[in-house]
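Taking it in order: structure first as structure tokens, then the write-up.
Indexing begins at 1, ligand by ligand and atom by atom, following the structure's order. All residue numbers refer to positions in the sequence shown, counting from 1.
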Amino acid sequence: MAIPESDLDPFDASYFEDPYPAQDALREAGPVVHLSRHGIYAAARFAEVKAILEDWATFSSARGVGIQDFHRERPARLPSLVLETDPPLHDRTRSVLAKVLSPAAIRALKEPFTEAAEALAEELLDRREFDAIPDLAEAYPLRVFPDAMGMPPENRHHLLPYGDLVFNSFGPKNPFLEAAVARSGPAIEWVQAQSQRTALADRGFGADIHAIAETGVLTEEEAPQVVRSVLTAGVDTTVSGIGAAVWALARFPDQWDALHAEPGLARVAFDEAIRFETPVQTFFRTTTRDAELGGEVIPTDSKVLMFLGAANRDPRKWPNPDRFDIHRRPAGHVGYGSGIHACVGMALARLEGECILAALAKRVRRLEITAQPKRRYNNTLRGLASLPIRLHPA
Ligand code: OVV
């Protein structure tokens with residue numbers, strides 16, 4: 001049986017506008033599809049995406065998790081020591097982040113994160129009308145995350161264009177990547193500087209990473225690079241996740257009613273939004289051998305695109321997948337990945353989502369979308385640029 005071909009460009013504006021028909025076609029075409037425009041293989045069904053994530057030795061991250069193959073082309077930035085590596089290097093760097101971002105460490109932030117969420121919810125309620133992307137989805141992570149890292153107050157706004165640049169750079173060199181490069185200004189140098197031990201406060205995730213590094217787990221050169229990973233992956237993703245949750249809850253008013261009635265559902269509502277919108281839509285792997293997948297064989301040295309968002313809406317796995325339902329059990333979705341590279345900041349992301357949604361749920365009776373939302377275009381991250389909202393207080 002031949003692997004089916006598709007001429008879909010999954011890094012194109014019309015795809016980003018409405019990816020669901022194309023994702024459905026990919027899932028239906030077969031367990032593996034060849035995307036002729038980019039010369040890559042793709043998996044859009046849940047089972048195959050999960051199988052790729054679980055087999056790091058066949059589906060390697062060390063040649064980059066974007067479309068670029070580091071064996072053929074020099075990467076634009078120093079490869080991530082966590083994301084763009086395989087064991088054993090991966091396990092050494094990851095173990096540092098797993099300690100620093102452990103569930104216990106994150107639990108200690110519940111109080112300050114709740115306080116910040118309640119303060120922001122009060123401000124937004126006073127304003128009544130605002131743009132839920134800059135004023136809520138961006139504002140909340142930009143308040144709590146840099147504090148938790150131990151960053152100085154100046155120039156934190158560079159974190160957003162930096163994340164936007166890196167997540168665009170996983171895709172092809174298209175106009176979205178070019179625009180992100182043009183917008184990034186001093187962000188790259190600034191993030192590099194902020195990753196140094198001396199730039200970080202004595203307390204916080206940054207200091208924790210450097211402290212563990214100094215026990216000999218990481219070299220002096222590696223430690224700031226591991227901090228850089230957290231600064232890269234830690235903001236844009238949660239911005240997109242919180243935006244996804246607010247947008248979904250505004251579009252499905254019965255789900256807002258349920259959350260308002262029971263704010264304790266905030267955590268699972270956030271997770272359902274991650275399944276439903278899947279902020280990190282795609283990542284690549286590279287085959288290290290001829291790889292069996294779904295009964296097909298992908299040749300060695302191929303780039304394989306995992307459609308995480310399509311997997312999270314695969315009807316083979318999820319009943320009624322296009323329904324946003326905070327009472328379903330979304331556990332097991334691949335919005336945070338799976339296997340050895342599964343999101344190491346997951347507990348932090350979930351705490352942010354839980355705190356801000358609970359603070360709003362307690363105070364707001366109804367979310368009203370007052371104007372057409374505007375999409376934000378990014379080669380990896382799915383999200384909005386603008387979501388005009390009116391809050392109706394409880
Ligand atoms: C998960 C993720 C996204 C982007 C960058 C990185 C990680 C990194 O490790 O630099």
Quick check: closest heavy atoms across Leu200 and Ser195, and the distance to 0.1 Å? CD1-O, 3.9 Å
Side chain to side chain contact (heavy atoms under 4.5 Å, CB included) with Phe59: which of Thr286, Thr287, Asp86? Thr287
With a 4.0 Å cut-off on N to O distance, would you call Asp24 and Arg313 a salt bridge?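 Here Asp24 does not pair with Arg313 in a salt bridge, since their nearest N and O are not under 4.0 Å apart.
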Less than 4.0 Å between a side-chain N and a carboxylate O, is that true for Asp257 and Arg366?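 No, this pair does not count.
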Between ligand 1 and the protein, give all atom pairs where both partners are nitrogen or oxygen and the distance is under 3.5 Å, as lines of names plus distance to 0.1 Å.
| unit_1 | atom_1 | unit_2 | atom_2 | d |
| --- | --- | --- | --- | --- |
| ligand 1 | 9 (O) | Ser80 | OG | 2.6 |
| ligand 1 | 9 (O) | Ser229 | OG | 2.6 |
| ligand 1 | 10 (O) | Arg77 | NH2 | 3.0 |
| ligand 1 | 10 (O) | Ser229 | OG | 3.3 |

Will you find, in the side chains of Asp325 and Asn320, an N or O donor that is under 3.5 Å from an N or O acceptor? no
Hey, what else clusters with Leu26 if you join Ile, Leu, Val, Met, Phe, Trp, Tyr whenever side-chain heavy atoms sit under 4.5 Å?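 Same cluster as Leu26: Leu8, Phe11, Tyr15, Phe16, Val33, Leu35, Ile40, Ile67, Phe176, Phe284, Leu305, Phe307, Tyr377.
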